[in-house]
Amino acid sequence: MPDFSTSPGMRDITAPESFRWRRFVDVFEHTVGLAGYDLVIPPLLEDIGVFTRLGEATDVVTKEMYDFVDKGERHVALRPEQTASICRSFVEHRPTTPFKAWYAGPNFRYEKPQRGRYRQFDQVGIEVLGSLDPYVDIEVIQLGWTFFVALGLRNVELAINSLGTPDDRARYVAALHDYFESRNADLSPESQQTLLRNPLRVLDSKRSQDAPVIAEAPLINSYWCSEAAEHFEVVCEGLNAVGVPYTLDLKLVRGLDYYRGTTFEYRGGTLDSAQNALGGGGRYDGLVADLGGPDTPGVGFAIGLDRTLLACDDENVFAAPSENADVFVVDIGDGSDALTVCTELRAGGIRAERSWDQRSMKAQMKAANRSGARFAVLIGESEREAGTALIRDLRSDEEQLSVARADLTGTLISRLSSLQGASS
RNA sequence: GUGGGCGUAGCUCAGGUGGUUAGAGCGUCAGGUUGUGGCCCUGAAGGCCGGGGGUUCAAGUCCCCUCGCUCACCCCA
């Protein structure tokens, strides 16, 4: 048994899954890059105050933070999400608005791990700071949708809602509180607890006991002021106009307290209901001001890699790519020829691998086969003396070709490119 | 934090009611072919049976504790 393994909720992403992770971010970067978003890489560690703004009543802040005091007596925390970091960065650097950023990277929450939920988990996301325009909401929601489409996912459901202005929201929360209070006896004990902390969150309960109570709960739309209702209507119409399908979910409330106005969530249709949120976001017009910046509106979303990848698995799309070598160099001598040949091939842009430890020719050929390389280049005693090399096609039975060492790279480049041309 | 299931070779897993040196398949390595991969055959390496304690003449097997994984709840991505 090994002395060490990963800490709970942490894991190694190994090949070929690691390649898939990289490609996932590549696809995301391409999608949002077309819309002009810039990459921001915030630190993993921030002053804990940056994150307590997420809401004193949220689990993310109260019990899931990885926080500690560093050697300089600073109370810091590993980020549980990146929106607050992006806003802090905005306040610190004050870029011109509208500020459009994208990010990708790990976040940390001290939770009990389970399927699709880890203590270190990666998210990709975008944020737009500095505009109240509902067309920002539309673009953000659409970009998330476009990304899922780009991955090949079909079974994604987009739910949207509006929490109205802070004032609307406060009046609604009060009404909700009164209502749930009046039905307290019908609620599950867990939801009774939730009610004490945050009435909105009771709407999230998936317990069957709570379902009838929630079904009759007051709805947010009757608390929207005309301004909020208008904003939301433009958002809905915009999504219609660009053909992004959505369902209105007046009970959609998200976990973080900073949301107001438009909120939305992407759900995987094939995942189990408990962990079906692939991503979500909304407006957080007060967050920048909360962090000490000028009153600056914001919209954004975050998408979880793990869950989205699970959804991809369920739909058999976005499979892990295979990373094969082009050429495997077999050197029957001391290995010095493989050194020079690999150097030359790699300089020519060819993915070239080799063996070490002076293994037998048979062993090296086996390794060549396993590497997935298309060609093996063989250099034995007679080739070394003659200044040649043998090129053997590992996927056909055609006779191997003897070429002068000087022509080796050029020959392989043309053979490989003609193969690539034929396959595409 | 609460509850269920599970921890045996690198991986996937066998190992009725406790009984000598713990097995298989795959993978790895070597050989069969002293310069040729895949298929086949032969062999080898590789295990504190998650850890600790207990019961027993005897524990991979039974009991307790602990750690980890996993599923669900909670919450969230």
Side-chain angles (χ1 to χ4, degrees), chain A residues 1-11 14 54-55 57-64 80-83 104-125 144 188-191 193-194 197-198 200-202 204-210 253-256 265-268 271-281 301-311 328 330-333 355 357 359-384 390-397 399-400:
Chain A
M1 279 295 113
D3 286 344
F4 298 105
S5 58
T6 53
S7 289
M10 315 265 174
R11 71 260 201 249
T14 56
L54 304 182
T58 63
D59 284 1
V60 169
V61 171
T62 55
K63 29 183 250 206
E64 297 172 359
E81 55 120 57
Q82 282 171 260
T83 300
N107 305 313
F108 302 84
R109 292 182 196 173
Y110 196 93
E111 297 180 276
K112 187 112 173 177
Q114 62 181 265
R115 181 178 167 81
R117 192 177 73 185
Y118 300 92
R119 288 181 177 177
Q120 177 177 335
F121 62 101
D122 271 56
Q123 287 183 330
V124 295
S188 63
E190 293 83 356
S191 285
Q193 280 302 311
T194 307
R197 301 199 319 270
N198 191 334
L200 277 178
R201 210 58 48 73
V202 178
D204 261 345
S205 169
K206 289 159 185 115
R207 296 166 205 284
S208 53
Q209 187 187 343
D210 298 322
V253 293
R254 310 215 65 258
L256 280 359
E265 196 167 279
Y266 305 98
R267 296 169 183 157
L271 297 178
D272 288 343
S273 62
Q275 242 83 250
N276 70 348
L278 304 180
F301 66 70
I303 290 170
L305 257 77
D306 290 292
R307 289 184 189 179
T308 305
L309 254 17
L310 284 175
F328 198 100
V330 174
D331 181 349
I332 325 294
S355 284
D357 302 318
R359 303 219 287 153
S360 71
M361 185 173 205
K362 176 172 178 165
Q364 293 192 50
M365 284 302 290
K366 279 188 171 192
N369 187 57
R370 241 178 298 128
S371 76
R374 177 66 201 234
F375 296 106
V377 166
L378 291 82
I379 300 167
E381 208 173 326
S382 51
E383 287 76 23
R384 181 195 263 270
L390 296 171
I391 297 175
R392 184 182 176 88
D393 188 333
L394 291 173
R395 280 177 237 170
S396 82
D397 291 324
E399 210 172 320
Q400 57 197 24

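Proteins get letters first, then strands, A, B, ... in listed order; numbering begins at 1 in each. As the structure is a computational prediction, the values presented were derived from the model and not from experiment.
- At a cut-off of 3.5 angstrom, the base of B:rU36 holds at least one donor-acceptor pair with the side chain of A:Q400.
- Counting only N and O atoms by type, the side chains of A:N107 and A:E81 include no donor and acceptor under 3.5 Å apart.
- If you take CG of A:D397 and P of B:rG37, they are 12 Å apart, rounded to a whole angstrom.
- Checked against side chain to side chain donor-acceptor pair (under 3.5 Å), A:R395 has no partners two or more places apart in sequence or in another chain.
- The salt bridge (charged side-chain N to carboxylate O under 4.0 Å, His left out) check on A:E111 picks up A:R117, with sequence neighbours excluded.
- In this entry the distance linking NZ of A:K112 with C1' of B:rG68 reads 10 Å, nearest Å.
- Applying the side chain to side chain donor-acceptor pair (under 3.5 Å) criterion to A:S188, with sequence neighbours excluded, gives A:S191, A:D210.
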Output a table of nitrogen or oxygen pairs between the protein and nucleotides 29-33 of chain B separated by less than 3.5 Å.
{"residue": "B:rC29", "atom": "OP1", "partner": "A:R359", "partner atom": "NH2", "Å": "3.3"}
{"residue": "B:rC29", "atom": "OP2", "partner": "A:R370", "partner atom": "NH2", "Å": "3.3"}
{"residue": "B:rA30", "atom": "OP1", "partner": "A:R359", "partner atom": "NH1", "Å": "3.4"}
{"residue": "B:rA30", "atom": "OP2", "partner": "A:R359", "partner atom": "NH1", "Å": "3.4"}
{"residue": "B:rG32", "atom": "N7", "partner": "A:K362", "partner atom": "NZ", "Å": "2.9"}
{"residue": "B:rG32", "atom": "O6", "partner": "A:K362", "partner atom": "NZ", "Å": "3.1"}

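- Under the side chain to side chain donor-acceptor pair (under 3.5 Å) criterion, A:T83 pairs with A:E127, not counting sequence neighbours.
- Side chain A:E383 to base B:rG35: a donor-acceptor pair is found below 3.5 Å.
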Query raised in the report: Given pairs defined as Watson-Crick or G-U wobble with both distances under 3.5 Å, what dot-bracket annotation applies to RNA chain B, with ( ) intrastrand, [ ] crossing, | other strand and . unpaired?
Result: (((((((..((((.....[...)))).(((((.......))))).....(((((..]....))))))))))))....

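- Remark: C1' of B:rC69 and OH of A:Y118 are 11 Å apart, rounded to the nearest angstrom.
- Taking A:R374 as the reference, A:D393 meet the side chain to side chain donor-acceptor pair (under 3.5 Å) condition, with sequence neighbours excluded.
- Atom CD1 of A:I332 is separated from atom C1' of B:rU36 by 8 Å (rounded to the nearest Å).
- Straight-line distance from the CG atom of A:L200 to the C1' atom of B:rC76: 15 Å, rounded to whole Å.
- Nucleotides B:rU61 and B:rU56 place their C1' atoms 13 Å apart, quoted to the nearest Å.
- Only the C1' atoms considered, B:rA14 is 39 Å distant from B:rA77, to the nearest whole Å.
- Atom C1' of nucleotide B:rU36 and atom CD of A:E381 are separated by 16 Å, given to the nearest angstrom.
- A straight line from CG of A:L278 to P of B:rC76 spans 16 Å, rounded to a whole angstrom.
- With hydrogens and angles ignored, a donor-acceptor pair under 3.5 angstrom links the side chain of A:R117 to the base of B:rC75.
- Where A:Y110 and A:V253 meet RNA chain B, the nucleotide closest to each residue was compared, and A:Y110 sits on the side nearer the 5' end.
- Nucleic acid contact for A:G372: none, since no nucleic acid atom lies under 4.0 Å from a heavy atom of the residue.
- Residue-to-nucleotide contacts include no donor-acceptor pair under 3.5 Å from the side chain of A:R115 to the base of B:rA72.
- Of the candidate nucleotides B:rG37, B:rG3, B:rG35, B:rG37 has the atom lying nearest to any side-chain atom of A:M365.
- Protein atom CD of A:Q114 is 17 Å distant from nucleotide atom P of B:rG5, rounded to whole Å.
- The side chain to side chain contact (heavy atoms under 4.5 Å, CB included) search around A:Q120 returns A:M10, A:P106, A:F108, not counting sequence neighbours.
- Scanning for side chain to side chain contact (heavy atoms under 4.5 Å, CB included) contacts around A:I332 gives A:V330, A:M361, with sequence neighbours left out.
- Residue A:L390 places its side chain closer to B:rU36 than to any other of B:rA77, B:rC75, B:rU36.
- With rounding to the nearest 0.5 Å, the separation of CG in A:L390 from CD in A:E383 is 4.0 Å.
- With the nearest nucleotide of RNA chain B identified for both A:M10 and A:D122, A:M10 has the one nearer the 5' end.
- A donor-acceptor contact under 3.5 Å links the side chain of A:E111 to the base of B:rA77.
- You won't find any donor-acceptor pair under 3.5 Å spanning the side chain of A:N369 and the base of B:rG38, going by distance alone.
- Remark: A:R11 is positioned above the aromatic ring of A:Y118, its terminal NZ or CZ atom under 6.0 angstrom from the ring centre and at most 45 degrees off the axis.
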